[in-house]
Amino acid sequence: MFEDGLILKKKFGENNVFDFSLGNPNVEPPAKFYKILRELSLNPPQGIHRYMPNAGYVETRDAIAKQLSKETNILFNSNHITMTCGTGGGLNVIIKTLVNPKDEILIFSPYFVEYLFYIDNHNAKHKIVPTDKNFLPNINALEKAITKKTKMVIINSPNNPSGVVYNENVLSSIGKIIQEKEKLFDTHIYLVSDEPYRKILFDNLRYPQVFPHHIRTIITTSHSKDLALAGERIGYIAINPSIESNKELSNGLTFSNRILGFVNAPALMQNIIPQLQDISVDILDYQNKRDILYNNLTSMGYSIIKPQGAFYIFPKSPIKDDILFAEKLREEKILVVPGSGFGKPGYFRIAYCVDTDMINRSLNGFSNVLKKTN
Ligand SMILES: Cc1ncc(COP(=O)(O)O)c(C=O)c1O
């Protein structure tokens with residue numbers, strides 16, 4: 001999609017192509033990020049460019065633990081935190097640490113497509129569980145899908161590609177089913193929450209925390225989206241402090257962080273983010289973009305579940321073949337990703353982390369294609 005976008009832009013001009021294909025934030029990091037960066041470059045602490053403890057600097061992990069304790073009312077300390085190269089790095093570290101070859105990892109469709117490759121990296125097996133018409137996990141299907149070999153259930157809320165947020169009831173149902181199955185099979189099943197969009201929430205929604213719903217919960221997140229630092233590869237893993245053998249688990253995560261090839265999360269970023277834990281980019285700007293797209297597309301006749309977070313919207317394709325529909329949008333120079341790419345044919349994803357002006361100028365195109373298909 002990325003290459004295709006470049007070709008189209010070269011041919012028709014940057015402003016005449018409406019590229020909604022990538023989840024790459026169009027905004028800049030907050031001003032405070034640059035202030036700290038400037039201060040660090042003028043007065044670099046001695047040793048800032050050297051190797052560090054593999055889990056990350058203690059001061060950085062302390063700052064994250066403090067913020068997480070505030071947000072969750074659960075007491076975290078630096079031992080529960082491992083700094084990672086983004087959430088992608090975090091997920092690979094978690095899977096490497098916990099999973100044996102042929103163990104099963106459950107994911108819900110629509111899913112972030114890289115899960116399939118992360119799971120394959122560690123010779124595990126993915127199993128896809130459907131969601132309901134609101135893109136919330138189908139709990140009956142989850143119950144049927146868990147077997148003796150299930151080691152992990154990965155959830156992602158706010159969700160890419162649907163923008164849906166899992167509420168407390170959903171999280172509680174997932175936790176209950178997992179615990180029932182653990183008893184039945186005498187196994188341990190980890191609930192892994194992939195949360196890079198946890199701060200991008202709309203309509204004053206508070207983030208429904210996953211930790212209270214299952215003791216074996218591990219979360220991983222990053223500052224790729226909330227601070228618009230996607231290229232800087234800074235994120236972390238946090239384990240539930242009450243998890244059994246938490247020292248052994250932390251050691252495993254630290255060791256996997258070291259041996260997967262990235263060694264540490266970037267030192268410079270680890271020096272900057274402690275002071276940025278309670279801020280984010282302008283979330284209302286994303287909410288405004290969500291509103292423009294949701295209101296306009298639904299009044300044209302598109303069918304959409306209203307996103308509550310992240311920066312994606314996932315309308316139903318007006319024709320059965322979502323790949324063909326994406327091609328028709330492309331004729332209007334609108335680039336989207338067909339739902340098939342997320343294991344959910346019949347839908348398409350619009351990534352609206354783009355300029356508001358571009359969103360407004362694209363609306364005619366969406367309307368034209370819908371009229372042509374009716
Ligand atoms: C659902 C989801 N998980 C993980 C990632 C990886 O993010 P990062 O490694 O930049 O934190 C992304 C990136 O788009 C994502 O959408």
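Fair warning: this is a prediction, and the values are worked out from it, not measured in the lab. Counting convention: from 1, in listed order, for ligands and their atoms alike.
Residue-environment remark: OH (Tyr207) exceeds the threshold of 12 foreign heavy atoms within 6.0 Å. For Glu14, the CD atom sits in a loose shell: 12 or fewer heavy atoms of surrounding residues, nucleotides or ligands are nearer than 6.0 Å.
The Ser222 neighbourhood of ligand 1 comprises atoms 11 (O), with distances under 4.0 Å to a heavy atom of that residue. For ligand 1, the atoms closer than 4.0 angstrom to any heavy atom of Asn160 are 1 (C), 15 (C), 16 (O). Close approach of ligand 1 to Gly86 is summarised as follows: ligand atoms under 4.0 Å from at least one heavy atom of the residue are 9 (O), 11 (O). Near Asn156, the atoms of ligand 1 lying under 4.0 angstrom from a non-hydrogen atom of the residue are 1 (C).
The nearest heavy-atom contact from the protein to atom 10 (O) of ligand 1 is Ser224 OG, 2.6 Å. In this structure, the protein non-hydrogen atom closest to atom 14 (O) of ligand 1 is Lys225 NZ, 2.8 Å. The protein atom (non-hydrogen) at minimum distance from atom 2 (C) of ligand 1 is Asp194 OD2, 3.4 Å. Considering only non-hydrogen protein atoms, atom 4 (C) of ligand 1 sits nearest to Phe112 CE2, 3.5 Å. Atom 9 (O) of ligand 1 has as its closest protein heavy atom Arg233 NH2, 2.6 Å. In terms of protein heavy-atom proximity, atom 6 (C) of ligand 1 is nearest to Gly88 N, 3.9 Å.
Residue contacts with ligand 1: Tyr115 is placed with no nitrogen or oxygen under 3.5 Å of a nitrogen or oxygen of the ligand (distance criterion only). Ligand 1 has no N or O atom lying under 3.5 Å from any N or O atom of Tyr118, backbone or side chain.
Checked against the 6.0 Å centroid threshold, Phe342 and Tyr111 do not count as a close aromatic pair.
Side-chain polar atoms of Glu104 and Thr147 form a donor-acceptor pair below 3.5 angstrom.
A cation-pi arrangement is present between Lys333 and Phe12, with the terminal nitrogen or guanidinium carbon under 6.0 Å from the aromatic centre and inside a 45° cone about the axis.
The closest donor-acceptor contact from the side chain of Ser78 to the backbone of Asp62 lies at 3.5 Å or more, if one exists at all.
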*asked:* Apply side chain to side chain contact (heavy atoms under 4.5 Å, CB included) to residues Thr187 and Thr150 and explain how you reach the verdict.
replied: CA-CA 8 Å; Thr187 52; Thr150 305; over 6 Å; no
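The pair Lys176-Glu180 does not meet the salt-bridge criterion, since no charged nitrogen lies less than 4.0 angstrom from a carboxylate oxygen.
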